[in-house]
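Right, one structure below, let's go through it.
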Amino acid sequence: MELFESPGVLFVAIAVAVLAVFAGASYLFSSGKKPRGSLDPDHFRKFKLVKRVQLSHNVAKFTFELPTPTSVLGLPIGQHISCRGRDSQDEEVIKPYTPTTLDTDVGYFELVIKMYPQGRMSHHFREMKVGDFLAVRGPKGRFKYQPGQVRAFGMLAGGSGITPMFQVARAILENPKDKTKVHLIYGNVTFEDILLKEELDNLAANYPDRFTVYHVLNQPPEVWNGGVGFITKEMIQAHCPPPAPDIQILRCGPPPMNKAMAAHLEGLGYSPDMQFQF
């Protein structure tokens, strides 16, 4: 303790400590290294549920805490995670989900989950309470994205298939160096079924020259200015970029919808290279 009783020595000690902190920070930022992700592709890791917000009668937003306040999930754009839980018969179930957050959201990640009455993993999420842990493994998925790899994306989403689309759109639009345009057609049964509507409206308002969204409902309300019924060839022609080598159409929805969209796209002249299904 006598070493630090001299004011001069104390000043030098503090100066050395401050310099060490700045040197470490300088190395971290100048090295251009990304923070290490919190996921493991081979083993499940558990993350604590810290917040749950009910968005509708069967949809909730779950916020999970990462190991430290500066941790990132480490999920590449357009990829997903595998979540493990227990169904109503107490049997293990594993299902893929796409977070709506990016690695710019540090310290946590979020899942927007639609819980179906007979869904096995839906049961697990329905039963989850703040303080519970979710087992997660990843990253998973075939989609790989580099800024500027296409001039424009068309997106065809149905129901909860909006989550990978939203994640990709957010990553593109929030990157000031990425000039890619995004044109989304989003189908649902009713107005209440539209997931992330406020977030999508905000993207359209904040990036009017780069992002458009066209909603299609099977059962629209009385006053409605979007599409009615199912997504058609004509809607794709009107709201998505036409076939070209520098565009790509992404699709994600229930199997019957994906099959119908693939047929529409083929009929409109989009080659397999111009399409990707999540």
Side-chain angles (χ1 to χ4, degrees), residues 38-41 43-67 71 73-75 78-102 105 107-141 157-170 186-202 215-219 221 251-258 278:
S38 305
L39 293 169
D40 186 324
H43 303 95
F44 281 94
R45 289 184 174 177
K46 292 186 176 181
F47 299 93
K48 185 178 180 181
L49 178 64
V50 293
K51 187 177 181 182
R52 172 177 174 154
V53 178
Q54 202 70 27
L55 302 179
S56 71
H57 71 285
N58 65 348
V59 178
K61 181 192 290 184
F62 296 81
T63 303
F64 295 91
E65 184 179 64
L66 294 176
S71 295
L73 186 60
L75 188 68
Q79 296 199 9
H80 59 268
I81 54 177
S82 296
C83 299
R84 184 177 66 190
R86 315 292 297 187
D87 66 10
S88 59
Q89 305 301 312
D90 199 33
E91 294 182 357
E92 182 178 280
V93 56
I94 298 172
K95 189 176 178 182
Y97 291 95
T98 304
T100 54
T101 42
L102 304 173
D105 304 305
Y108 70 98
F109 72 95
E110 290 180 343
L111 296 173
V112 174
I113 304 293
K114 186 167 187 176
M115 291 162 280
Y116 298 91
Q118 305 304 318
R120 296 179 65 202
M121 195 67 193
S122 292
H123 170 81
H124 183 86
F125 278 109
R126 208 165 23 241
E127 297 295 312
M128 283 199 80
K129 301 177 181 64
V130 170
D132 290 347
F133 287 81
L134 179 69
V136 172
R137 183 175 63 194
K140 304 286 183 183
S160 55
I162 189 62
T163 53
M165 307 298 193
F166 177 73
Q167 186 207 64
V168 172
R170 252 198 79 190
Y186 183 23
N188 282 285
V189 178
T190 69
F191 184 84
E192 290 70 27
D193 290 322
I194 300 174
L195 301 180
L196 300 167
K197 187 174 187 307
E198 183 179 348
E199 290 85 348
L200 292 170
D201 289 345
N202 287 339
H215 292 284
V216 181
L217 297 179
N218 291 127
Q219 301 169 22
R251 59 180 191 267
C252 187
M257 176 192 164
N258 286 331
F278 285 102

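Atom set for the values below is all heavy atoms of this structure, side chains included, hydrogens, waters and symmetry mates excluded. Throughout, residue positions are numbered sequentially from 1 according to the sequence presented.
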So, does [X] use its side chain to make a donor-acceptor pair with the main chain of [Y] at under 3.5 Å?
| X | Y | value |
| --- | --- | --- |
| R45 | S38 | yes |
| T190 | Q219 | no |
| Q167 | G78 | yes |
| N188 | L217 | no |
| Y108 | S71 | no |

How close do [X] and [Y] get, counting heavy atoms only, and between which atoms?
| X | Y | answer |
| --- | --- | --- |
| Q54 | A60 | OE1-CB, 3.7 Å |
| L75 | I81 | CD1-CG2, 4.0 Å |
| D132 | E127 | OD2-O, 4.1 Å |
| P67 | F47 | CD-CE2, 4.2 Å |
| M121 | R84 | CE-C, 3.6 Å |
| K61 | E199 | NZ-OE2, 3.9 Å |

Is there a side-chain contact between [X] and [Y], using heavy atoms and a 4.5 Å cut-off?
| X | Y | result |
| --- | --- | --- |
| E192 | S56 | no |
| I94 | F44 | yes |
| V112 | I162 | no |
| V136 | L39 | yes |
| L195 | S160 | yes |
| C252 | T98 | no |
| E91 | R120 | yes |
| M165 | V168 | no |

Mind telling me whether F109 and F64 have parallel, tilted or perpendicular rings, with 30° and 60° as the class edges?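 Because their plane-to-plane angle is under 30°, the rings of F64 and F109 count as parallel.
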
Using the side chain to side chain contact (heavy atoms under 4.5 Å, CB included) rule, take N58 and K114 through it: C-alpha gap first, then chi angles, then the decisive distance, then the call. CA-CA 6 Å; N58 65 348; K114 186 167 187 176; 3.5 Å; yes

Tell me, yes or no, whether the heavy-atom count around E198 atom CD, taken from other residues, nucleotides or ligands under 6.0 Å, exceeds 12.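 No, CD of E198 has 12 or fewer neighbouring heavy atoms, counting only those of other groups under 6.0 Å.
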
Is the count of non-hydrogen atoms from other residues, nucleotides or ligands lying under 6.0 Å from K140 atom NZ greater than 12?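 Counting other residues, nucleotides and ligands, NZ of K140 exceeds 12 neighbours.
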
Stepwise side chain to side chain contact (heavy atoms under 4.5 Å, CB included) check, R86 with E92: CA-CA 5 Å; R86 315 292 297 187; E92 182 178 280; 3.6 Å; yes

Candidate pair D105 and R170, rule salt bridge (charged side-chain N to carboxylate O under 4.0 Å, His left out), full reasoning: CA-CA 12 Å; D105 304 305; R170 252 198 79 190; 3.0 Å; yes

Verdict with reasoning, K197 to F191, per side chain to side chain contact (heavy atoms under 4.5 Å, CB included): CA-CA 9 Å; K197 187 174 187 307; F191 184 84; 3.5 Å; yes

Aromatic ring centroids of Y97 and F125 under 6.0 Å?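 Yes, they do, as the ring centres are separated by less than 6.0 Å.
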
Output the distance between atom CG (L111) and atom OG1 (T101), rounded to the nearest 0.5 Å.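 Separation between the atoms: 7.0 Å.
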
